[in-house]
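Chain naming here is simple, since letters A, B, ... match the order of the sequence lines and numbering starts at 1 in each. As a basis for the values below, the full set of heavy atoms in this structure was taken, side chains included, without hydrogen atoms, waters or symmetry mates.
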Amino acid sequence: MDVRKDFPMLQNNPQLIYFDNACTTLKPKSVVDAERRYYEEYCGCAGRSNHKIGKRTEDSFEDARKKIAAFVGAETIVFTKNASEALNLVIQKTSFAKRNRVVSTVLEHHSALLPLLVKRDKKELELAIVEPSKQGVFDAESFKARVNKQTALVVVHAQSNSLGTRPPLKEIVGIARDAGARVLVDGAQSVPHSSTNLKALGADFIAFSGHKMLGPTGIGCLAASRDAVESLDYPFLAGGETIEAVSLEKIVWAKPPQRFEAGIQNYAGAIGLAAACDYLTVKDIHKVEAHDKALASRIAQGLRAIEGVALYGPQTPESGVVTFNVGKASPHEIALFVERGCGAALRSGVFCAEPGMKFLGVPKGAVRASLYLYNTEDECDAFVASVAKAAAIMA
Amino acid sequence: MICFIALIVFAVLGIFSAKYRAYAFEAWDCVFRKITLRKCDTGLDERIKAELMSRLSRWPKFARFTYRHFEGLSMVFTLLMLASFVLAAQGAYNYWAFGNCNGPGSSAFCVFSAITGQQLVQPTTLDGVALGNVSGDKILFEFGCFTCPYTRAAWPGLKNFTATHPDVRVVFKPFPLPNHPYSTEASQAALCAEEQGKFVRYADYLFQNQTEIRDGGIPLLEVLAVDAGLNSTSFDACLDSNATLAQVRAYFDEGIASHVYGTPTFFFEGRSVVGPMSEANYADFLAGKYVVPDAPIDEGFCAPPLEVNG
C-alpha cells in the first residue's frame, strides 16, 4: 500500500521499521491536522457554551461520535480515555445481583482480566475461564460448556494482542445470547485491522483505543447498543454533563452516552480519531487487513526457515501479528538485537497478558512483530534477515 | 553481573555527560538490587548484552561464544575490576604513606610518581663523602640520615661490601630528615669528621649512639668526636661553621631533586633501592638482580614529612 508519504514519522525517520503496531500506531498527517485545527481554529467546550466556538466544538465532537459509531456499526459511542477504561466501565458497572457469572478467556489483556479478577476475589462474581489450544485457537464449544443461565457477561477479545488469533466471535455471541448474557468484546486489536460491525455481530459492547488505529493517544471508545449502555449502573466517574438535573435531594442522570462522560472531554482526540476512521475508510479496511495478513505470512514463512526460532500461534497467521522466540534468549535481548541490526521497533515481554503467556508455556514472554498498512515487504525481509543473525548467535 | 562494571564505567562517563549519569543511576539501581538479593529488573543488563552482541555480530562465532558465556565473562571482568580497585587503593595508600605506590623500598614505576614527576632520579654530581675505593669505577650513591635506624641497619653491610669490592666507590650524601631531632647536626658532625679523615670511624659512633643523640644533642656529638679521636677544636669550629651547614643543606636539596622520599636510598646506574640491604644484596643490586623483599613497614625506611618530599 502506497501510504508511507502520509505518515510524518516515516518521513522523519526513514530508517525506522515500525513493527509495534499492536502497541500503538503511527499517525497520518490528516489526523495530526484534524487535532491541530481544533486547537488552532475552534478550541472550545462542547455541550456547555452557547457561543460560536462552543457550538462548532460541539458539532465537531458529535460528528466525530457519529462517524466513529458508523465505523464500527454501533448505535452509540461513549468516549473514554482508552480501551482499558471502556472495558473497566462495563465490568465495573454491570449488575451482578441476579446473574453473577462471567465467562472470559485466559488470553485476555490485563485491562479486561484484572477488573474481573478483582471482582472475583471480592466475591462479587463467579469467573469461568476458557482456555484455547496450545496454538491459541479457541473452540466455540468450550464457551458453550461454560456459559449458562447464571452468566451475566461474556468478556472476550476479538483478536489476541499476544498471538493475533481470532476466536469464533459470531458463535460465541450466539452462545451468550442464547443464555441471555451480555457480551463485551475487547476490540482494541481487531477494530484497527478488520471490518467491525457491532450490530451485525450481535454483541452488546466493543471497547477500542484510538491510538492503535492511527488516531491520537488519550481517546478510547465504548461502542454499544443503546439498550446495553442503558443497562449500566450510574457512572463511576460523575460530574459535569453526566446529569439531567441535580438537587441536594435527588440526582437525575443524563441519558448515555453523556451519563458516562464526566467533565470536559478530549475533543481533539475524538476529532482526530474520526479523521483516522476517515483515513482507514478511504484506504479500505478490508485491504488493510489483507495487507497485514500477507506481510505476517511472509514473516512467519521466513522465520520458520531459521533454526532455533520458535513461532507461537497457528500455522497461518490470522492477522498481522507474528510472535516468536529465539532459542532460550530473553525476548528483550532478541528485540534489542534486531532493532540494532535492522532498525525494527518490536515489542517484547508478556504483552500485558501474563496469564495467557504462562498458559502458552512462555512465562518470560516472547517477541512480537505487529504490522500495519504502512509496512512493506522489504521491511519484512530485512527483519527476517536480522532475526536470522540473532539466531546464529543466541539460539 | 555486568551492572557492576556498568556502574563504574557510566559513573566515570557521567562526570562528563548527563546521558551517562542516567545510565549510572540505572546501573546503581541494578547493583543495589543484586546486593540486596533481589532481581535486577531495569533491563539494563539486557540492553548492554544486546548492544554488545550487535557490535560483535560481524564475528558470529566470537559473538556466539560471548553470548553463551556472558555471565561467566561478566563475573571475570567484575572480579578483575574489583582486584584492580584493591590494588589501586593499596597503591594510593603506599603513595600516601611512603611516597611510592609500590610500597616501601621499591623504585619500580609508580603511576602517581609519573603524574607528579616524583620518579627517583640518580644524582648527577659526585659531591659527597667518598667511601671504599675512591677511584673505583662502579659508583654507588647513598642518601642517608645518621638518625635513621634504617640507614644504620644498612651501614655495616655497606662497609663490608666496599671492603671486599675494590672496584666500588660509594658516594654518601647526607639527607638529614627534618622530623628527626639533631639529624642536621649529626650530618654536619659527620662532614666535620670527614675533614679530619675519620668519617667512617665517626659514623660508627653516630650509629652506635643513634638513640642517645636524640636526647644528647650537640654535646653528645662533641663527646663522640673526642671518643673517635677527632681534634675537638677543629671539630667544634667546623660544627659551628655556616659553610658546613650550607653543605649539608646542599646535599639535602640534591636528595630532594632526586625525589628521595626515604632513607637510605641507593642509586646505581639509574636503578634505585629505598631501604637497607644486606651485604650480599649490594652485589645483586649492582648486577641488576636485586629483588626488593616484601618487608613489613617497620623494616622499610625513614620517611621525611610529606611537605618536604620533593
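- Across every non-hydrogen atom of Ile393(A) and Arg64(B), the tightest pair is O-CG, 3.5 Å.
- Within a 6.0 Å sphere centred on NZ of Lys134(A), heavy atoms belonging to other residues, nucleotides or ligands number more than 12.
- Using a 4.5 Å cut-off between heavy atoms, Ala329(A) contacts chain B through both its backbone and its side chain.
- Pairing each heavy atom of Ser54(B) with each of Arg340(A), the nearest pair is OG-CB, 3.2 Å.
- Around the CZ atom of Arg58(B), the shell of radius 6.0 Å holds no more than 12 heavy atoms that belong to other residues, nucleotides or ligands.
- Rounding to the nearest 0.5 Å places CE of Met53(B) at 7.0 Å from CE of Met394(A).
- No more than 12 heavy-atom neighbours from other residues, nucleotides or ligands sit within 6.0 angstrom of OH on Tyr20(B).
- By the neighbour-count criterion of 12 heavy atoms within 6.0 Å, atom OH of Tyr18(A) is densely surrounded, having more than that number from other residues, nucleotides or ligands.
- The neighbour count for Glu131(A) CD, taken as heavy atoms of other residues, nucleotides or ligands under 6.0 Å away, is above 12.
- When the candidates Lys49(B), Glu46(B), Arg55(B), Lys61(B) are compared by the number of heavy-atom contacts under 4.5 Å with chain A, Glu46(B) comes out ahead.
- Along residues 76-87 of chain B, no residue comes nearer than 4.5 angstrom to chain A, judged on non-hydrogen atoms.
- Annotation for Phe359(A): atom CZ counts as buried by contact number, over 12 foreign heavy atoms lying within 6.0 Å.
- Enclosure of atom NZ in Lys389(A) is not indicated, since only 12 or fewer non-hydrogen atoms of other residues, nucleotides or ligands lie within 6.0 angstrom.
- Only the side chain of Arg68(B) has a heavy atom closer than 4.5 Å to any heavy atom of chain A.
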